[in-house]
There are 2 protein chains.
Amino acid sequence: MIPRAAKTQRRTRIQEEKEEKILEAALDVFSAYGFRGATIDQIAEAAGMSKPNLLYYFRTKEAIHRTLLDRMLFTWLEPLRAFDAAGNPESEIRSYIRRKLEMSRDFPRESRLFANEILQGAPHIEDELKGPLKELVDEKAQVIRAWIKAGKIAKCDPYHLIFSIWATTQHYADFDVQVQAVLGDKSGEGRFEDAARHLEELFLRGLKVEKPSL
Amino acid sequence: MIPRAAKTQRRTRIQEEKEEKILEAALDVFSAYGFRGATIDQIAEAAGMSKPNLLYYFRTKEAIHRTLLDRMLFTWLEPLRAFDAAGNPESEIRSYIRRKLEMSRDFPRESRLFANEILQGAPHIEDELKGPLKELVDEKAQVIRAWIKAGKIAKCDPYHLIFSIWATTQHYADFDVQVQAVLGDKSGEGRFEDAARHLEELFLRGLKVEKPSL
DNA sequence: TGATAAATTGACCGATTGGTAAAAGCTTAC
DNA sequence: GTAAGCTTTTACCAATCGGTCAATTTATCA
């Protein structure tokens, strides 16, 4: 009878399965229509259950949304967290770009969920942006700044550099329809590699110090 | 009595004014919530008129949305149209970036309207993307390819280069909340110039031929 | 097995959705 | 002024919204 936070504190197998199914369906709907555009009925149907049954596991529409966002935010920042100050600048930037691009390829719905949220003013995650996200970016910006001062990469604004990497990589998930429309349906397979090669070259050439070793 | 396409074929002064006011309000709402998330009541209130009055000028919610998209799509592509094959590659790319960035600064709502539409699968403008947009991009990609062949800029994929410019410039409109959260509310004025300088340097350095004039 | 708790459902709620009908108010040209 | 057409409003509609309730079915475990 007690849906969330059961007495035993341990979640049932059924609970686990159904909640997963709901979140899976909700990710489809929220990422496609945004928070306000999504409806509980739609999510319930996609999850293959009745609306009251869905609301037995998540008390409100917002609860589902929040759970999805929380989950996503953590993994979303993982590539940036992996950004290593001790590593080689070129390979660090290269692998960061690649990791972010892989996420766009493998988790496009998560990317769109996030994009929808930001686009609509980030009403549910403003604190996370101004807190944990900002702190992490500040930290990594310092790393980049150190590389610049050490003459390892060309001078540039670290924050805007990070923004550029975010923008270009996430573009392939968020604006996929447009990318496909422009490129035509040809080259469905090689598309990811083409984008990866292009971005790596663009950023690494753009950051190479003027006179490498002369 | 006949709202749209009046007998006289000429639109009244009042019609002109009210339609403009509706579109202005609708741009606010659609860009903030997406098509499904927006409501006619909300638009009507923002436009300072009753819902039936609004529906006297635009028969459906979709009609408003379509009008906004049609208007926007044309001006949105203007910078790319201005991309001149006869011009100097460096200055053409530089001014294209700047123009796109100016649009993000001056018309953020239009950018978000477009972003929302694409994010949600471009259900209303798929044809425009696969038609006019694709053709225009194909044309300009040829220009870039010619520049590459002539050795004027470094080798790169012209399509992905255009995507990168779109992504990075529109990022400042679409993800403004995130940008502000990360940068803090400091430097509100210089932000645009910082971004412009960063993007110009990134792309121009990234496209410079290896051995400029040796 | 039976009892107890968990899971599921149909019926329903008030509020809001996109949109309509019709009549009243307002402009404008003659 | 007045008649015709343009504009605006009040009242309303069926459908859908997020969510509740009580009752029923199903799983769990002693």
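A, B, ... follow the sequence lines: proteins, then strands. Residue 1 opens every chain.
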Practice task
Just call it for K18(A): base, sugar-phosphate, or nothing, with non-hydrogen atoms closer than 4.0 Å on any strand.
Solution key: sugar-phosphate
Exercise for the section: State whether Q15(A) places a side-chain N or O below 4.0 Å from either non-bridging phosphate oxygen (OP1 or OP2) of dA7(C). Expected result: yes
Handout entry: Closest to side chain of K51(A), choosing from dG18(D), dC6(D), dT8(C)
Key = dG18(D)
Exercise for the section: Send over the distance from E17(B) CD to dC26(C) P, rounded to a whole Å. Expected result: 17 Å
Problem - Given dT9(D), dT17(C), dG19(C), the nucleotide with the shortest approach to the side chain of P52(B) - result: dT9(D)
Exercise for the section: Classify the nucleic acid contact of A38(B) as base, sugar-phosphate or nothing, counting any heavy atom under 4.0 Å across all strands shown. Expected result: sugar-phosphate
Exercise for the section: Supply the atom-to-atom distance L55(A) CG to T60(A) OG1, rounded to the nearest 0.5 angstrom. Expected result: 8.0 Å
Completion exercise
Testing dC17(D), dT20(C), dG18(C) for proximity to the side chain of T39(A), the answer is dC17(D)
Practice task
Classify the ring geometry between H124(A) and H65(A) as parallel (under 30°), tilted (30 to 60°) or perpendicular (over 60°).
Solution key: perpendicular
Problem - K61(A) side-chain proximity, nearest of dG19(D), dG19(C), dA7(C) - result: dG19(D)
Exercise for the section: Take atom CD of E16(A) and atom P of dA6(C), then tell me their distance rounded to the nearest Å. Expected result: 16 Å
Practice task
Round to the nearest Å and state the distance from Q42(B) atom CD to dA15(C) atom P.
Solution key: 19 Å
Exercise for the section: Name the residue closer to the 5' end of DNA chain C, choosing between L54(A) and E62(B) according to the nucleotide with the nearest heavy atom. Expected result: L54(A)
Problem - Salt-bridge present (D41(B), K51(B); N to O < 4.0 Å) - result: yes
Exercise for the section: Measure from the side chain of Y56(B), starting at C-beta and using heavy atoms only, and say which of dG18(D), dG18(C), dT8(D) lies closest. Expected result: dT8(D)
Practice task
Please state whether the phosphate of dT7(D), meaning OP1 or OP2, lies under 4.0 angstrom from any side-chain nitrogen or oxygen of N53(B).
Solution key: no
Handout entry: R99(B) to F83(B) six-membered ring, cation-pi geometry met (6.0 Å, 45°)
Key = no
Problem - Sidechain-backbone polar pair: S104(B) side chain, T169(B) backbone, donor-acceptor under 3.5 Å - result: yes
Exercise for the section: Answer with base, sugar-phosphate or nothing: what part of the nucleic acid does S50(A) contact at a heavy-atom distance below 4.0 Å? Expected result: base
Practice task
Take the protein atom NZ of K21(B) and the nucleotide atom C1' of dT7(D), then report the distance between them rounded to whole Å.
Solution key: 15 Å
